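What you see is a predicted model; the values in this text were computed from it and never measured. Counting convention: from 1, in listed order, for ligands and their atoms alike.
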Amino acid sequence: MNQDVEEKLFASEEELKAIIARLGAQITADYAGKTPLFVGVLRGCFIFMADLVRACDLPCTIDFMVVSSYGKGTTSTGAVKIIKDLTENIEGRDVIIVEDILDSGNTLSYLKKYMEARRPASIRIVTLLDKPDRRTADVKADYVGFTIPDAFVVGYGLDYQEKYRNLPYIGVLKPEIYS
Ligand code: IMP
Ligand code: MG
């Protein structure tokens, strides 16, 4: 796996921890007195969300959705399919959608509208990574861990063809792997 990575995105795993601690502190302050519902978008969110909720000093509940917006390549097909819906009733809840990466924005703009229709008290988006150069849908994250240039990255939950999710860091995949 390591040999398929061109460069690491962060100098160290500590740097990644510091970013998540910062996001957790912001969310803790912003949601003081509330009990937010974190909705993770599987599968990419699984490691980030596990670290993020532990960085939030708040009563909270969690839920997950499984969506698929990608075929086998590295660019979005534009269509979002719900494979697993919400388990919780989100009406009146303060929902925080947790994503690994915001790319074209298709997935999150679709999910935000989908959830808004279920009348939560509020909805915000937290994403570990943001690739604004590739945005085509009108959606913005409220909390961003790190803004990155247009490169395909893997690790720390993010995959290429379902692999590399278990890399303990985030790295840019060598283009020869997918071209
Ligand atoms: P969007 O709908 O184009 O914003 O894509 C969002 C989803 O695409 C993310 O949740 C990821 O699963 C996937 N994705 C986008 N860019 C990357 C990347 O660089 N590496 C791995 N997955 C990615
Ligand atoms: Mg994915």
Side-chain angles (χ1 to χ4, degrees), residues 1-11 13 15-16 19-20 23 27 37-53 62-86 95-117 123-179:
M1 284 198 299
N2 290 293
Q3 70 277 6
D4 296 347
V5 171
E6 193 160 74
E7 57 163 332
K8 283 196 187 184
L9 221 53
F10 302 100
E13 282 156 45
E15 211 178 324
L16 192 50
I19 287 169
I20 292 164
L23 290 174
I27 292 172
L37 167 61
F38 290 91
V39 177
V41 185
L42 289 172
R43 284 165 267 189
C45 78
F46 82 114
I47 295 178
F48 170 50
M49 183 152 156
D51 285 344
L52 180 69
V53 294
I62 61 159
D63 198 358
F64 294 99
M65 287 184 76
V66 180
V67 300
S68 148
S69 60
Y70 268 56
K72 286 191 175 129
T74 58
T75 49
S76 175
T77 58
V80 179
K81 196 167 121 198
I82 294 182
I83 315 243
K84 184 223 164 275
D85 206 342
L86 293 161
V95 172
I96 304 175
I97 306 177
V98 184
E99 254 282 34
D100 51 357
I101 186 164
L102 181 51
D103 186 24
S104 72
N106 280 329
T107 310
L108 280 177
S109 82
Y110 177 86
L111 281 181
K112 206 173 170 195
K113 284 191 200 110
Y114 182 85
M115 290 190 208
E116 264 159 7
I123 304 192
R124 283 189 187 161
I125 293 171
V126 52
T127 185
L128 177 59
L129 302 174
D130 189 7
K131 265 198 239 181
D133 294 351
R134 285 172 46 90
R135 194 82 79 257
T136 51
D138 180 26
V139 62
K140 254 169 78 189
D142 302 282
Y143 305 95
V144 175
F146 207 77
T147 300
I148 62 167
D150 179 12
F152 197 79
V153 295
V154 293
Y156 195 72
L158 289 122
D159 74 302
Y160 172 62
Q161 295 191 344
E162 293 306 323
K163 293 195 204 100
Y164 306 100
R165 293 195 195 275
N166 59 324
L167 278 178
Y169 57 86
I170 296 171
V172 177
L173 195 61
K174 285 183 181 163
E176 61 256 40
I177 303 296
Y178 54 81
S179 54

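Listed by number with element, the atoms of ligand 1 under 4.0 Å from a non-hydrogen atom of Asp103 are 1 (P), 3 (O), 4 (O), 5 (O), 15 (C), 16 (N). Atom numbering of ligand 1 starts at 1 in the shown order; those under 4.0 Å from a heavy atom of Leu158 are 20 (N), 21 (C), 22 (N). Residue-ligand proximity, Thr107 to ligand 1, at heavy-atom distances under 4.0 Å covers atoms 1 (P), 2 (O), 5 (O), 6 (C). Close contacts between ligand 1 and Ala151 involve ligand atoms 19 (O) [criterion: under 4.0 Å to a heavy atom]. Contact atoms of ligand 1 toward Glu99: 10 (O) (distance under 4.0 Å to a heavy atom of the residue). Below 4.0 Å from some heavy atom of Asn106 lie the following atoms of ligand 1, by number and element: 2 (O), 4 (O).
Proximity of Cys45 to ligand 1 is not established, as no heavy-atom distance is less than 4.0 Å. At least one heavy atom of Asp100 sits closer than 4.0 Å to an atom of ligand 1. Using a non-hydrogen distance threshold of 4.0 Å, Lys131 registers as a contact of ligand 1. Under a 4.0 angstrom heavy-atom cut-off, Gly105 registers as being in contact with ligand 1. Residue contact annotation: Ile101 has a non-hydrogen atom under 4.0 Å from ligand 1.
In plain terms, the two heavy atoms of Val5 and Lys8 that are nearest each other are CG1-N, 4.5 Å. Pairing each heavy atom of Gly145 with each of Leu23, the nearest pair is CA-CD1, 3.9 Å. Shown here for Pro175 and Glu6, the closest heavy-atom pair between the two residues is CD-OE2, 3.4 Å.
In terms of polar-atom proximity, Val153 is counted as a contact of ligand 1, with an N or O under 3.5 Å from an N or O of the ligand.
A donor atom on one side chain and an acceptor atom on the other are not found under 3.5 Å apart for Tyr160 and Asp4.
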Stepwise side-chain contact (heavy atoms from CB on, under 4.5 Å) check, Leu129 with Leu102 = CA-CA 6 Å; Leu129 302 174; Leu102 181 51; over 6 Å; no
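Residues Lys140 and Asp130 are not paired through a salt bridge, judged by the lack of any N-O separation under 4.0 Å between the basic side chain and the carboxylate.
In this structure Lys81 satisfies the side-chain hydrogen bond (donor to acceptor under 3.5 Å, both in side chains) test with no other residue, sequence neighbours excluded.
Across Leu167, Asp100, Leu16, a single residue satisfies side-chain contact (heavy atoms from CB on, under 4.5 Å) together with Tyr156, and that is Leu16.
Contact annotation for Ala137 and ligand 1: no heavy atom of the residue comes within less than 4.0 Å of the ligand.
Within a 6.0 Å sphere centred on NZ of Lys174, other residues, nucleotides and ligands contribute more than 12 heavy atoms.
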